[in-house]
Structure formats: structure tokens, C-alpha cells
Amino acid sequence: MSITGIKGMNDILPGDVETWQHLEEQARKVFGAFGYREIRVPVVEKTDLFCRSIGETTDIVEKEMYTFSDKGGTSMTLRPEGTAPVMRSFIQHKMYAQDPVSKLYYIGPMFRHERPQKGRYRQFHQIGAEVIGVDDPKIDAQVLAMLSHYFQTTKIPDVVLQINSLGCPECRPSYRETLISFLEQHIASLCADCQRRYTTNPLRVLDCKVPGCKEATVDAPAMLKNLCIGCETHFGQVKEHLEALSVSYTVNPRMVRGLDYYTKTTFEMVTGSLGSQNAVAAGGRYNGLIKDLGGPDLPGIGFAIGLERLALMLGEQSIEPPRPELFIATLGETATKAGFTMLTRLQREGVLVEMEYTGKSLKAQLRRADKMKTRRVLILGGDELERGVAQLRNMDQSSQEEVDLDGLEGRLLREIHDA
RNA sequence: GUGGGUGUAGCUCAGUCGGUAGAGCACUGGAUUGUGGCUCCAGUUGUCGCGGGUUCAAUCCCCGUCACUCACCCCA
């Protein structure tokens, strides 16, 4: 048996990769216009970084990380998400000393050891953006405006923006307590999972899909009703700004996050067309994170987009390879040599040119040229070469003319550039 | 971690009520001593996922295992 790839880690082959390039190019364009600059950070970090940022009791940290010891014995982890490494880098390079506001984006692979299924893989790819240094609700709204604009320009169908507020260290702990005591009274009607997690992660119970849990929690106290003054006005202003920017959204008071660092505004772009892996982008504000990681007390907000899920939504249509401008078909050794040097000269001019290297029949060469959907074929024969001419065939029109080799390359280059 | 489905040619799949296998596409060559797409003809490719059991005989039945996949869980 030959060596295969690793479960849940996929190859992106020609024909599919063009979709990915499109998604990445659009992100660079859109994010660039909003003033974001790219940052590239390693895929491996010290394990501690993720434990401290994502949260010790989250599923990600408890059971999904690719963690190993390097030769010096330090525990390292393949990054399961992008925000923590970016914040680590931000702090380490004291980026706050250069500019009070940093707007950064990243593109790259993330790793989580989960059971793979549609839209969920062990190596997956995210495009993320982060704004550090501003707590103003205008920024929350602007981030959401940029995100929904990105979905419009990439022509991703059927996504809706859901927003919520998770409160802050002032209001969340007391809400948590009232929620736990509510859940205790209804524990009998909760599913086994919720009975287990209602103390560790009570907010998650509100997001449970089991009908019984939904019913039991209909009258549960809502975070949005228990926000402190600061969080409430912040959330209200976010909504106002979204309306002013004509960004459509719905409030989902039961939306929760899988990472502990989120505060205040949280959001998801949700689709109905991907089954249960329905979040195609998600994020929120994380005002305490940078301080927790040993940096200054600066607010932040950001999101990550799941590229596999977008690629799935854009459909399976495989993209055709580009059409060569010219195929050089040759007969005989001297013509083949001459054709080969011409091929290379034109390629150096940036023109897509092909030829057959293995000395097949002219018929076979033309068939191959046709299969590649070549626009033109230059037929170089031995006798013609001596006379300084060749046959130039237009494959679309099935027409052919004899051309002088002298000045031919210049003529072709002009023709190709004019088209 | 739990459950379901599927594993036959490069791809999509058929098939054998147990006697070691086929189609379409793709690929190669020919019908035109130097000319593609259409058509016609010919040809190549499989340890029928792997291991074990039952049997005279297993790709087919049974058990195990691995892989892929979908769902739960979780999440982008």
C-alpha cells in the first residue's frame, strides 16, 4: 500500500484551487479597502498560548488540539484558531506602540482533531480579521459591514448575519448564576449532554438542538435582558450603526461561542445549505484577551471565515485550465529543437505556449493541442524550416496559412496582446 | 468519543441467486506516407479495500479490520 494523506487533511487539486484563489483574492481586496494589512504567523505555538486564550475547559483545548513535545521538551500545539497567535505576535512586537489602532488579517490552515464530516476537517482554512485598540460600537458595525460585503462580492448565496451580546466581566458572571439556578429547576427535562454541561457551560444549553431542551429553556433568562448599562448601550449602538450602514441582521439571543475570550458583541454568518455545519463565519469582541495574554489592556474584535465551507457553497464546478495561445507541433529533430527554443522564448515573454516533447505523430500532436483547447498551432516541418517558413493554424476557425519564421514571434506577441 | 452507509479499472458505476469481472468516460494507436474536434476500428489498465472463516470453489456468504463518507457531539 502506498502512502496516503492524513485523515481529515485534504489536497486541493487544480480545478478546485481556483475557487480558493478567488476567495482569497476577494478577501485581500475587500479587507485592503477597509484598511487591514496581512500578518503571517507560524502554524505552531506554545501550547500554553491556546490554553490561556481559548479556555481550559473548552472542547477545543480539552480534546481537539494537536499537541506534542519538541526535542527540548516544550509542549507545542498546531494552532486550532488564528486569533491567539495574532495577539501573541501583536504583544510580542509591541505593535500598539506604533499605532493606537491595528487592523490585521490572516489566511491559513488551522488544526483540530475532530471526527471529519462535511464542512469539518482536521486541517481547515480560515481567513480572519482583527481590529485592536478600539471599543467603539462603530468598529463593531464596520467589521460586520466588511464581513457581509465580503459575502456579497464572493457571491456566496443564502447567508444571514446573526448577532448577540455575551456581556462583559461585570454582567456575565451574575447572569451565569441566575441561568444555572434556572436550569437546576428544569434539570429533569434536559438531555443527557445538557445535564452534564449546565454547570460548566450553561450558555451552551440555550443553544442545544434537542427539542426537549428547547422547550425547557423557552422561559430561561436571556443574556440580552441582563446586560449591564455599558454593554446594553454598546449593543444598542451597534444595531443603530448596522441600520445606518444598511447591513441586514437578526438578533439571536441564544447564540454562544466555543471560545471563552469573547465579550459583548458576537456574531455568526449562518447558512441553511450546509447541513449541521451551518456557520460559515463567526467572531466577536474579546476585550480582555490581550491583557490576559500579558499585553496592555486593549480591546479587540475580529472574526474568522471557514474557507472549506465557502468552497462547498460555491459548488463543485471544476474550473477549466487556461487556454494556451499557441501549440508548437514539430516534425523531425531539427524542427523539434527549433520549436523548443521558440517555446521557451515565448514563455519568457509571459505567453502560455505548449508543445509535445516525446516525438509523437503530427496527428497525435494536433489531438493534444485540440484537447488543451489551444487557439493556434504552429506546424514546423523539416523542409519548411529550411525555407524559413511554417504553417500557422487557427484552431477555432480551422484555417491555416504559411508564415515567415522571420518576425513571427513579434507578430504573435502583438496578436496575443491585442486580443 | 458514539451511531449509520459505502468500499469493483485513472473517474462514474454495473455485475456474479458462490465457479476469480464488465460498461461509459479517459488514455494509446489506426482508418489520412505531415494536420485536431465528429464517426468507425483496435488496444491498455483491476492483487473486485485488507485479514481470517465456511466451501471442491468466495469479489459475492460470515467474522474481524482498515479506509472513505454522513450524522451526533462540537465548531469556521
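Throughout, a chain's letter reflects where its sequence line sits, starting with A, and its residues are numbered from 1.
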> For the residue pair His149(A) and Phe34(A), does the interplanar ring angle fall in the parallel (under 30°), tilted (30 to 60°) or perpendicular (over 60°) class?
Replying inline: tilted
>> Using the rule side-chain contact (heavy atoms from CB on, under 4.5 Å), only one of Glu130(A), Met269(A), Met146(A), Gln126(A) pairs with Phe303(A); which is it?
In response: Met146(A)
> Is there side-chain contact between Leu378(A) and Met342(A), with at least one heavy-atom pair below 4.5 Å?
Replying inline: yes
> Over how many whole Å does the gap from Tyr121(A) atom OH to C68(B) atom C1' extend?
Replying inline: 12 Å
> Expressed as a whole number of Å, how far does the P atom of C60(B) sit from that of C27(B)?
Replying inline: 34 Å
>> Would Asp48(A) and Lys46(A) count as a salt bridge (Lys or Arg N to Asp or Glu O under 4.0 Å) here? Give the steps.
In response: CA-CA 5 Å; Asp48(A) 209 32; Lys46(A) 289 177 190 163; over 6 Å; no
>> Taking the nucleotide of RNA chain B with the nearest heavy atom to each, does Pro116(A) or Asp396(A) sit closer to the 5' end?
In response: Asp396(A)
>> Quick check: on RNA chain B, is the nucleotide nearest Gly5(A) upstream (toward 5') of the one nearest Leu380(A), or the reverse? Name the residue that is more 5'.
In response: Leu380(A)
> Which base, if any, makes a Watson-Crick or G-U wobble pair with U2(B), both distances under 3.5 Å?
Replying inline: A71(B)
> Within the modelled atom types, does a donor on one side and an acceptor on the other bring the side chain of Arg367(A) and the base of U35(B) under 3.5 Å apart?
Replying inline: no
>> Both distances below 3.5 Å, Watson-Crick or wobble geometry, any strand: find the nucleotide opposite C40(B).
In response: G30(B)
>> With a 4.5 Å cut-off on side-chain heavy atoms, are Met65(A) and Phe111(A) touching?
In response: no
> Rounded to whole angstrom units, what separation is found between the CE atom of Met9(A) and the P atom of U69(B)?
Replying inline: 13 Å
> Base, sugar-phosphate, or nothing for Asp383(A), non-hydrogen atoms under 4.0 angstrom?
Replying inline: base
> Taking atom C1' of G36(B) as reference, at what distance in whole Å does atom CG of Asn394(A) sit?
Replying inline: 12 Å
> For atom P, what is the distance between A26(B) and C41(B), given to the nearest Å?
Replying inline: 15 Å
> Does any nucleotide pair with C25(B) by Watson-Crick or G-U wobble geometry, both distances under 3.5 Å, and what is it?
Replying inline: G10(B)
> Lys371(A) has an atom NZ; how far is it from atom C1' of A26(B), in whole Å?
Replying inline: 7 Å
>> Please report the distance separating the C1' of A31(B) from the corresponding atom of G36(B), rounded so that it comes out in whole Å.
In response: 15 Å
> Which nucleotide sits closest to the side chain of Leu362(A): C70(B), C72(B), G34(B)?
Replying inline: G34(B)
>> Please give the distance between the P atoms of U45(B) and C13(B) as a whole number of Å.
In response: 24 Å
> Hey, does the side chain of Lys363(A) come within less than 4.0 Å of G36(B)'s phosphate (OP1/OP2), counting only N and O?
Replying inline: yes
>> Once hydrogens and angles are ignored, does a donor-acceptor distance under 3.5 Å link the base of G36(B) to the side chain of Arg393(A)?
In response: yes
> If the C1' atom of U44(B) is compared with that of G4(B), how far apart are they to the nearest Å?
Replying inline: 39 Å
> Is there a Watson-Crick or G-U wobble partner for U16(B) with both distances under 3.5 Å, and if so, which one is it?
Replying inline: none
> Which part of the nucleic acid does Gln400(A) contact within heavy-atom distance under 4.0 Å: base, sugar-phosphate only, or nothing?
Replying inline: base
>> Of the options C73(B), G34(B), A76(B), whose atoms approach the side-chain atoms of Gln277(A) most closely?
In response: C73(B)
>> Distance check, P atoms only: G52(B) and C11(B), in whole angstrom units.
In response: 26 Å
> Within the modelled atom types, does a donor on one side and an acceptor on the other bring the side chain of Gln117(A) and the base of C73(B) under 3.5 Å apart?
Replying inline: yes
>> Counting the atoms with a prime plus P, OP1 and OP2 as sugar-phosphate, which does Gly128(A) contact under 4.0 Å by heavy atoms, base, sugar-phosphate, or nothing?
In response: nothing
> Considering only C68(B), U28(B), G1(B), which nucleotide approaches the side chain of Arg120(A) most closely?
Replying inline: G1(B)
> Out of C72(B), A76(B), G36(B), which nucleotide sits closest to the side chain of Arg115(A)?
Replying inline: C72(B)
> What does Ala282(A) touch in the nucleic acid at a heavy-atom separation under 4.0 angstrom: a base, only the sugar-phosphate, or nothing?
Replying inline: sugar-phosphate
> Asn278(A) has an atom CG; how far is it from atom P of C73(B), in whole Å?
Replying inline: 12 Å
> Parallel, tilted or perpendicular for Tyr150(A) and Phe31(A), by the 30°/60° rule?
Replying inline: tilted
>> Let's test your reading of the model: under 3.5 Å, does the base of G34(B) pair with the side chain of Ser361(A) as donor and acceptor?
In response: no
>> Under a 3.5 Å cut-off for both contacts, is U65(B) paired Watson-Crick or G-U wobble with anything, and if yes, with which nucleotide?
In response: G49(B)
> Roughly how far apart, to the nearest Å, are G22(B) and A9(B) at atom P?
Replying inline: 14 Å
> G36(B) C1' sits how many Å from Ile328(A) CD1, rounded?
Replying inline: 17 Å
>> In the structure I gave you, are the side-chain heavy atoms of Leu392(A) and Leu326(A) within less than 4.5 Å of one another anywhere?
In response: yes
> Would you say the base of U35(B) and the side-chain of Gln391(A) have a donor-acceptor pair closer than 3.5 Å?
Replying inline: no
> Choosing from G34(B), A76(B), A31(B), which nucleotide comes nearest the side chain of Glu384(A)?
Replying inline: G34(B)
> Given the rule in the salt bridge (Lys or Arg N to Asp or Glu O under 4.0 Å) test, do Glu401(A) and Arg411(A) qualify, once you have shown the distances and angles that lead to the verdict?
Replying inline: CA-CA 14 Å; Glu401(A) 59 173 321; Arg411(A) 177 191 149 174; 2.8 Å; yes
>> Output the rounded distance in Å from NZ (Lys63(A)) to C1' (U2(B)).
In response: 11 Å
>> Contact between Leu144(A) and Leu245(A) at the side-chain level, heavy atoms closer than 4.5 Å - yes or no?
In response: no
> Counting just side-chain N and O atoms, does Lys7(A) come under 4.0 Å of either OP1 or OP2 of U69(B)?
Replying inline: no
> Within this structure, what is the CZ-to-C1' distance between Arg368(A) and G29(B), rounded to whole angstrom?
Replying inline: 16 Å
>> Taking atom types as they are modelled, would you say the side chain of Ser398(A) forms a donor-acceptor pair with the base of G36(B) within the 3.5 Å cutoff?
In response: yes
> On a plain distance test, is the side chain of Glu114(A) in donor-acceptor contact with the base of G1(B) below 3.5 Å?
Replying inline: no
> In whole Å, what separates the C1' atom of A67(B) from that of G51(B)?
Replying inline: 14 Å
> Considering only C72(B), U28(B), A76(B), which nucleotide approaches the side chain of Lys360(A) most closely?
Replying inline: U28(B)
